[in-house]
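Basis for what follows: all heavy atoms, side chains included, without hydrogens, waters or symmetry-related copies. All chains are named by letter (A, B, ...) in the order of the sequence lines, taking the proteins before the strands, and each is independently numbered beginning at 1.
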Amino acid sequence: MNECRKNIPQSNLESLESVLAEYAAIPGSLITILQKTQEIYGYLPKDAVYHIAERVGAAPAEVMGVATFYSQFRLVPIGRYLIQICRGTACHVNGSERVAAAVSEYLGIKSGETTDDGLFTLENVACLGCCSLAPVIMINGEAYGNLTPEKAVSVLENLREKEGAL
Amino acid sequence: MRIVIGEGSCGIAAGASKIRSAIENLLCKGENLSIGTTGCIGMCFLEPIVDIYEGKKLLKRLVKVGEKDAKAIVDAVRTGDFSGVDYITISAEDEQFLEKQTRIALRHCGIIDPTSIEDYCAFGGYGAFEKTIKTMTPEEVIEEIKISGLAGRGGAGFPTWFKWNAAKNSRTEGKKYLICNADEGDPGAFMDRAVIESDPHGLIEGMLIGAYAIGAAEMTVYVRAEYPLAIKHLEEAIKQAKNHNLLGENILGTDFSCEMSIKAGAGAFVCGEETALIESLEGRRGMPRLKPPFPAQSGYMGEPSNINNVETFANVPWIIEKGGAAFAAMGTENSKGTKVFALTGKIKKGGLVEIPMGKTLREVIFEIGGGIREGKKIKAVQLGGPSGGCIPAELLDTVIDYNALAQTGAIMGSGGMVVMDESTCMVGMAKFFLDFTANESCGKCVHCRIGTKRMQEILTRIVKGEGRKGDVELLEELCEAVKEGSLCGLGQTAPNPVLTTIRYFRNEYDAHINEKRCPAKECSALLTYSVDAKKCVGCTLCARKCPAKAISGEIKKPHFINQAICIKCGQCEKSCRFGAISVR
């Protein structure tokens, strides 16, 4: 295992201690631990995964198995703006596919990727539950509804401008 | 007078928080004007909504409120003269949206303050639970639920009393668990979220009655992590219930003790299946288990467990309070009580609708939902999400009843009701759902893992205009195989969207495959945009709008679209003011 871990960048694992102290001993808490870990780092750093495995007494493969099964968990850091594109049924019926395509084209990235400047991460999500505002995207928790491809792109343009990236 | 702001997720997404701060900023220091909060009333099409109350009496309901309306609202409340807010007052027609419903599971939603146990109790809250533990035996509770005919609202429609009875009788000693399935995975459905956000104590009370009936000392709610507000309200409600001795040891001075916790799911549709949910609760990959043993025998942590959906529990206090017979008086022979639907899609008035079983789809869509937007024609309605099916317009008189809906090839489902008009491609719809299920298949069963993938591939080639003769038959064969070869509900029902669209919209499949044409004009690969030289005045607008620079032509002369570089985005058609661009 040491050999595999050689090239993993070191995260500050101290911040994980309080989470592990609270949950490591409770059976069935792995998902909760991973959720709290992601809250701390914004994603699941690889060395944190190994550390958690050691502390809960599971094989790293088992922890990775759980981390990759659920769509909530990310294994790479995200950009400053997390753009979640709702792909729910109501949004689909109201044209989310075109909105998604326009956003993806504007940013030059696919779902799950982050722009080179580290500003935007794109993520398709199953349903944001704002069906009457369909089609909807959510940026850092704020919902933008009744979108057209043009409106969606202009929201992003504004954000880029705000960040001085244009 | 009190100003109450609807701050459910939909309301917040529509801007409710901004309105709250706008109103708060207008208040003078020390002014005695109270601002309250409430959850989701279910009229999503009118959000943000602000209500003005005098005591429990609703004086005014203001809709589609903006920040700019804050002053008018505050002035009206200060003076008692409402003429200044007439322009945002709900219309008599829109009021019918609520008047035509029968609300049981949603009875408190959008009315009470979800963050206050006192408010819940003021509406009779926890009365049913107190009656249960002080005057009824567990057998009597189960009997009452049996009389009510309540069936699982998560989709399967299994009789609730039967599950409770099995869990109660599984053993008399040792631990048992009561679990609430709030992993609302159907994309396009948000009934459970609204109930938890807007009436968390209603869920706790329903669960407490269930826990008493089966003899469970621990309750857990498995809720989607994507519902942060629901989790927050429920956490708060659990704390309040503990402080009021409604959870914990010797509840209300009786022998009954019960703890409650929340577990946030992590995003996996398959975890809506009860055995997969248990795996996930135990911290593993959410892959379904073989049944038997059923959860009632060996569930969470190997102990007897009972799992019900949020809406099922939300009905329970009402049934105990009013009696099972009152609930059974509503509905049809096989389906009792009411059902909540999330009405969305191309509907004029989208939102949450609770109606007695036995109403027709047409009544829900046209009488409550107000029909289709932009005067278009309804083509189909989708029920049950990725596990359900599309019911065509000619079957809109089908009544809402577990059996009647199953006969159409769809299912009652958890309550997603997505309305489609003539511009929705049904092959595209089937592909949309297969994209979803193929992605969400946990991979345990070969037929589901690979079968849904192959179906997705076939549907993808059909919508791209690369469909082959025999593809429909191949799809049908795969559907049967996936149904037969899958362990859990995900695989067993994944073919439903495909089977129902083939059954009712075979002509669309044929048009895609044989004529390379999309009748709904939605599948972009099959569309051809062209300029009608007779109508084009050469204004150049389309050429400027075209993101692919595929349109050329001289000013004041007809333009042309270069098909080789056209990306079929439809911008030109939308921008043309002379109707000169047509799509085939």
field: Which of B:Ser423, B:Gly265, B:Ala194 touches chain A most, by non-hydrogen pairs under 4.5 Å
entry: B:Gly265
- line: Of the listed B:Gly345, B:Pro228, B:Cys10, the one with the largest count of heavy-atom pairs under 4.5 Å with chain A is B:Gly345
Structural part of A:Ala126 lying under 4.5 Å from a heavy atom of chain B: both
With only heavy atoms counted, which part of [X] is less than 4.5 Å from chain A, the side chain, the backbone, both or neither?
{"X": "B:Cys442", "result": "both"}
{"X": "B:Lys568", "result": "backbone"}
{"X": "B:Ser280", "result": "both"}
{"X": "B:Val270", "result": "side chain"}

Do [X] and [Y] come within less than 4.5 Å of each other through their side chains, counting heavy atoms only?
{"X": "A:Glu150", "Y": "B:Gln571", "result": "yes"}
{"X": "B:Lys346", "Y": "A:Val93", "result": "yes"}
{"X": "A:His92", "Y": "B:Met429", "result": "yes"}

Starting at [atom1] of [X], measure out to [atom2] of [Y] and round the result to the nearest 0.5 Å.
{"X": "A:Leu133", "Y": "B:Ser9", "atom1": "CG", "atom2": "OG", "value": "11.0 Å"}
{"X": "A:Phe69", "Y": "B:Arg284", "atom1": "CZ", "atom2": "CZ", "value": "12.0 Å"}
{"X": "B:Asp186", "Y": "A:Cys127", "atom1": "CG", "atom2": "SG", "value": "8.0 Å"}
{"X": "B:Glu522", "Y": "A:Arg98", "atom1": "CD", "atom2": "CZ", "value": "7.5 Å"}
{"X": "A:Asn94", "Y": "B:Arg373", "atom1": "CG", "atom2": "CZ", "value": "4.5 Å"}
{"X": "A:Ser29", "Y": "B:Leu281", "atom1": "OG", "atom2": "CG", "value": "11.0 Å"}

With no hydrogens and no angle check, is any side-chain donor or acceptor of [X] less than 3.5 Å from a backbone partner on [Y]?
{"X": "A:Tyr70", "Y": "B:Gly286", "answer": "yes"}
{"X": "A:Thr89", "Y": "B:Pro187", "answer": "yes"}
{"X": "A:Gln35", "Y": "B:Ala264", "answer": "yes"}
{"X": "B:Thr344", "Y": "A:Cys131", "answer": "no"}

Closest non-hydrogen atom pair between [X] and [Y], with its separation:
{"X": "A:Leu128", "Y": "B:Arg193", "answer": "O-NH1, 3.8 Å"}
{"X": "B:Lys263", "Y": "A:Gly28", "answer": "NZ-O, 3.3 Å"}
{"X": "B:Ala225", "Y": "A:Gln72", "answer": "CB-NE2, 3.7 Å"}
{"X": "B:Ala266", "Y": "A:Ile31", "answer": "CB-CG2, 4.1 Å"}

Taking atom [atom1] of [X] as the centre, report whether more than 12 heavy atoms of other residues, nucleotides or ligands fall under 6.0 Å from it.
{"X": "A:Asp116", "atom1": "CG", "answer": "no"}
{"X": "B:Lys232", "atom1": "NZ", "answer": "no"}
{"X": "A:Glu17", "atom1": "CD", "answer": "yes"}
{"X": "B:Lys64", "atom1": "NZ", "answer": "no"}

message: If the contact rule is any heavy atom under 4.5 Å from chain A, which residues of residues 430-438 of chain B qualify, in numerical order?
response: B:Phe432, B:Phe433, B:Phe436
- prompt: Any Lys/Arg nitrogen of B:Lys18 or A:Glu142 sitting under 4.0 Å from an Asp/Glu carboxylate oxygen of the other?
  reply: yes
